Amino acid sequence: MNSKEKRHAKILEIIRRNDVETQEELCDLLNKEGMETTQATVSRDIRDLKLTKLAFQGGKKKYILLADVGEEMSAKYDRVFRDQVVSIDMAGNILVIKTVSGMASAVAVAIDTMDCKEIVGSIAGDDTIMCAVRSVEETALLMERLSQLLE
C-alpha cells in the first residue's frame, strides 16, 4: 500500500470515528495520527474519495463517504433534486441546471450521488449548476434522464 492509499484509509477511519466538520480539522487529526500532510493534499483526498458534508440535527455538518449513504439518504437526495430543480437545459456539452435560490450546492451533491459518469465536472453557484459533459450526445441523453426524475 503506497502512502496515498494509507492516507486514504486513515481518512476513512477518522471520519467514521469522529464528526469532522472542516478540512483543517481532518488535516490536524491526520497529523496527530502521524501522517504529516497539508490542507491542499487533504482537499484532493476528499475529492478523490468522494467525501461530502452532510448536515445533521442542530445544523452540525460532518464529512461522510458517499458510498456510506444508505437508501434513506439516497431517497432524500432524490427528493432534493425533484423539489429544488426549476429547469434543465443544455448549451453544447454543458448541462445547465437552474434551482430554487440558494439550493444549487445541495442539488449538485444530489447529482454526485447519482453517479453520472458522463459528467466530467460541475460548478454550483447560488441557483445554477453547470456540468461539463464529455459530448453533446451524452449531454442530451443526460438531460433527458434527469428531466424524467422531475416528472
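Every heavy atom of this structure was used, including side-chain atoms; hydrogens, water molecules and symmetry mates were not. Values in this document were obtained by computation on a predicted structure and should not be read as measured data.
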Ionic contact status for R145 with E118, cut-off 4.0 Å: yes
Check whether more than 12 heavy atoms from other residues, nucleotides or ligands sit under 6.0 Å from atom CE of M130, and answer yes or no. no
For residues T128 and K98, is any side-chain donor paired with an opposing acceptor at under 3.5 Å? yes
Quick check: does any side chain N or O of E25 sit under 3.5 Å from a backbone N or O of E21, one acting as donor and the other as acceptor? yes
What pair of heavy atoms forms the shortest contact from F81 to L146, and how long is it? CE2-O, 3.6 Å
Take a 6.0 Å sphere around CD1 of I123 and say whether it holds more than 12 heavy atoms from other residues, nucleotides or ligands. no
Is there a donor-acceptor pair under 3.5 Å between the side chain of S147 and the backbone N or O of M143? yes
Atom of C27, atom of T37 and distance for their closest heavy-atom approach: SG-O, 3.4 Å
Any salt bridge linking E33 with R17? Criterion: basic side-chain nitrogen under 4.0 Å from a carboxylate oxygen. yes
Which atom names give the shortest non-hydrogen contact between K53 and T22, and what distance separates them? NZ-CA, 4.4 Å
Please confirm whether the backbone N or O of V133 pairs with a side-chain atom of N93, one donor and one acceptor, at under 3.5 Å? yes
Should the pair D112-K50 be classified as a salt bridge under the 4.0 Å nitrogen-to-oxygen rule? no
